[in-house]
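One structure is given here, and the rest of the page talks about it.
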Amino acid sequence: MGRSDIHLVTDSNEIEHQFRAVMRRLAGCVSVITAGRDDDITGMTVTSLTSLSASPPRVLVSVNRQASSFALIERFGTFGVNILGSDQQELADRFSDGRLKGPQRFEGIPWSAGTSGVPLLGNALATVECQVEEIIERYSHGIIVGSLVSFDLSRELSGLVYWNGQYIEIKHDFDLDLLAEISIPLAHVR
Ligand SMILES: Cc1cc2nc3c(=O)[nH]c(=O)nc-3n(C[C@H](O)[C@H](O)[C@H](O)COP(=O)(O)O)c2cc1C
């Protein structure tokens with residue numbers, strides 16, 4: 001790839017705009033972070049979830065401190081991670097829709113409370129119940145470090161990614177099926 005069009009960031013008013021353009025090139029796995037308990041529940045769509053370490057098992061997510069989820073995560077010290085599958089784009093829309101508030105986001109969709117009471121979404125690729133280990137407040141966001149309390153894996157393996165301002169489905173099962181179709185006739189040849 002040619003580097004002839006490198007842009008130097010000089011005008012401070014342009015920095016944010018340019019930064020957003022850069023970050024749109026970064027594909028992010030789509031998850032819903034859930035928070036609260038009983039009637040006081042909410043959740044939000046995120047792409048900032050990542051693994052911090054495997055030993056010990058820790059995740060990291062960057063949450064805007066203005067988001068309704070942040071206050072509940074701080075108050076209860078727990079949160080849910082729901083990694084969305086390729087057929088769950090509707091959930092990604094719902095949990096980033098500012099017109100829907102807290103419990104409204106859960107209406108009509110399958111979910112259940114984890115051991116800590118935090119809501120966990122049904123049919124996600126994977127769900128993890130986390131305990132807050134640390135919150136590092138930086139600028140507009142809180143970097144939340146979570147330790148794993150429990151997890152659940154679905155049998156499906158087709159994920160949802162957000163890239164360049166749009167959702168993209170990774171149909172892993174479909175790819176595997178195709179691979180199987182191609183390799184079975186080959187196996188017969190032997
Ligand atoms: C694809 C996508 C990814 C997002 N990732 C994040 C994120 O990593 N951190 C964050 O604070 N907000 C993120 N947001 C925005 C939040 O989903 C949104 O601000 C939140 O739902 C607002 O919640 P509230 O109305 O309950 O305050 C993302 C939105 C979308 C559509």
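Atoms within each ligand, like the ligands themselves, are counted from 1 in listed order.
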So, do L26 and W163 sit near enough that their side-chain heavy atoms are less than 4.5 Å apart?
no
What is the closest protein heavy atom to atom 26 (O) of ligand 1, and at what distance does it sit?
S68 OG, 2.4 Å
With a 4.5 Å limit on heavy-atom distance, are the side chains of I83 and C29 in contact?
yes
Can you tell me which portion of F70 lies within the under-4.0 Å heavy-atom range of ligand 1? Options are side chain, backbone, both, or neither.
neither
What's the shortest distance from atom 23 (O) of ligand 1 to any protein heavy atom, and which residue and atom give it?
R105 NH1, 3.5 Å
Student check: side-chain heavy atoms of R105 and F95 closer than 4.5 Å:
yes
Mark up the atoms of ligand 1 that fall under 4.0 Å of a heavy atom belonging to S96, in ascending order.
17 (O), 21 (O), 31 (C)
Is any side-chain heavy atom of I41 closer than 4.5 Å to a side-chain heavy atom of T34?
no
Say whether I109 and L100 are linked into one hydrophobic cluster, either directly or through other cluster members, by side-chain heavy-atom distances under 4.5 angstrom.
no
Which of the numbered atoms in ligand 1 are under 4.0 angstrom from any heavy atom belonging to S62?
7 (C), 8 (O), 9 (N), 10 (C), 11 (O)
Output yes when the distance from some N or O of ligand 1 to some N or O of Y162 is under 3.5 Å, and no in every other case.
no
Is there side-chain contact between R37 and F76, with at least one heavy-atom pair below 4.5 Å?
yes
Is there a side-chain contact between W111 and N82, using heavy atoms and a 4.5 Å cut-off?
no
Does any part of the side chain of V59, heavy atoms only, come nearer than 4.5 Å to the side chain of C130, both counted from C-beta?
yes
Using a 4.0 Å heavy-atom cut-off, which part of A92 comes near ligand 1: side chain, backbone, both, or neither?
neither
Do V132 and I73 have side chains that approach each other closer than 4.5 Å (heavy atoms only, starting at C-beta)?
yes
For H141, the ligand 1 atoms with a heavy-atom partner under 4.0 Å come out as 11 (O)
Which of the ligand 1 atoms, numbered from 1, are nearer than 4.0 Å to a heavy atom of S48
7 (C), 8 (O), 9 (N)
Please identify which atoms of ligand 1 are closer than 4.0 Å to at least one heavy atom of V63.
11 (O)
Nearest-neighbour protein heavy atom for atom 15 (C) of ligand 1, which is reported as residue plus atom name and distance:
T45 O, 4.0 Å
Regarding N123 and S154, do their side chains bring together a donor and an acceptor under 3.5 Å, going by distance alone?
no
Specify the protein heavy atom at minimum distance from atom 11 (O) of ligand 1: its residue, its atom name, and the distance to 0.1 Å.
N64 N, 2.7 Å
Can you find an N or O of T47 that's nearer than 3.5 Å to an N or O of ligand 1?
yes
closest protein heavy atom to atom 21 (O) of ligand 1 is F95 O, 2.9 Å
I need the atoms of ligand 1 closer than 4.0 Å to a non-hydrogen atom of Y167, numbered in the order shown.
1 (C), 31 (C)
Does some non-hydrogen atom of the protein lie less than 4.0 angstrom from atom 8 (O) of ligand 1?
yes
Sequence neighbours left out, what pairs pass side-chain hydrogen bond (donor to acceptor under 3.5 Å, both in side chains) with at least one residue falling in residues 57-74?
T42-S68, R58-E133, R65-E137
Among all protein heavy atoms, pick out the one at the shortest distance from atom 12 (N) of ligand 1; state its residue, atom name and that distance to 0.1 Å.
M44 CE, 3.3 Å
